[in-house]
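Worksheet: one structure, shown below.
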Amino acid sequence: MSKDFYCEEVLSGRTPVQKVVETDTVLAYHHTRPFYPVHIVTIPKRHISSLITLEERDNALLIELMDTVKKVASQVVSEHGACRVITNLGEYQDSKHLHFHVVFGQPLKKS
């Protein structure tokens, strides 16, 4: 996997995605290789490597990003009764671009 799948593939348009919410600065879309029956990824359109590298100048973007996560999570809870919101850091973070997963259900079995 590339170091930044979101910039290199999704935001560049190289990998098409099914959008859920899009603003000028944030994108939420259905995961291209879902690990859960419902698996939506929310990203800032500007590169930020992770949650722990956010700076004070990123506060407005973070508020918009979290507002989008909230909208997506509310939609999933409304449709399915529950969801999880997940972000990964350090070695757990495959793609070095801040992102949140909004998921529902048990992990899908990969063959």
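Numbers here simply count residues along the sequence, with the first being 1. Every heavy atom of this structure was used, including side-chain atoms; hydrogens, water molecules and symmetry mates were not.
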*Roughly how far, to the nearest 0.5 Å, is NE2 of His97 from CG of Asp94?*
14.5 Å
*Got a second to check how far Thr15's OG1 is from Tyr6's OH, nearest 0.5 Å?*
11.0 Å
_Within 6.0 angstrom of Asn59 CG, more than 12 heavy atoms from elsewhere_ = yes
*Can you tell me how far NE2 of His39 sits from NE2 of His101, rounded to the nearest 0.5 angstrom?*
4.5 Å
*Of all heavy-atom pairs between Leu11 and Lys45, which one has the smallest distance, and what is that distance?*
CD1-O, 3.4 Å
*Between OG1 on residue Thr68 and CD1 on residue Ile43, distance to nearest 0.5 Å*: 11.0 Å
*Within-4.5 Å side-chain heavy-atom neighbours: His99 and Gln93*: yes
*asked:* Hydrophobic clusters here meaning ILVMFWY residues chained together by side-chain heavy-atom distances under 4.5 Å, can you tell me if Val102 and Leu98 are in one?
replied: yes
*Path from Val26 to Met66 over hydrophobic side-chain contacts below 4.5 Å*: yes
*Answer yes or no: does atom CD of Gln106 have more than 12 heavy-atom neighbours from other residues, nucleotides or ligands under 6.0 Å?*
no
*asked:* Return the CG to CG distance between Leu62 and Leu51, rounded to the nearest 0.5 Å.
replied: 7.0 Å
_Minimum heavy-atom separation for Thr32 and Pro16, please, with both atom names._
CG2-O, 4.2 Å
*Nearest 0.5 Å please: distance from the OH atom of Tyr36 over to the CG atom of Leu108.*
9.0 Å
*Locate the shortest heavy-atom distance separating Pro44 from Leu61; write the atom from each residue and the value.*
CB-CD2, 3.8 Å
*Considering non-hydrogen atoms only, spot the tightest contact between Val76 and Ala82 and give its length.*
CG1-O, 3.6 Å
*Side-chain (Lys96) to main-chain (Phe5) donor-acceptor, under 3.5 angstrom*: no
*Closest heavy-atom contact between Gly105 and Arg84?*
O-NH1, 3.2 Å
*ILVMFWY cluster, Ile52 and Phe100 together (side-chain gap under 4.5 Å)*: yes
*Same apolar cluster (I L V M F W Y, side chains within < 4.5 Å links), Val17/Val21*: no
*Glu64 side chain vs Asp24 backbone, donor-acceptor pair below 3.5 Å*: no
*Tell me whether Phe104 is reachable from Val85 by hopping between hydrophobic residues (I, L, V, M, F, W, Y) whose side-chain heavy atoms are closer than 4.5 Å.*
yes
*Heavy-atom check, side chain of Arg46 versus side chain of Asp58, under 4.5 Å*: yes
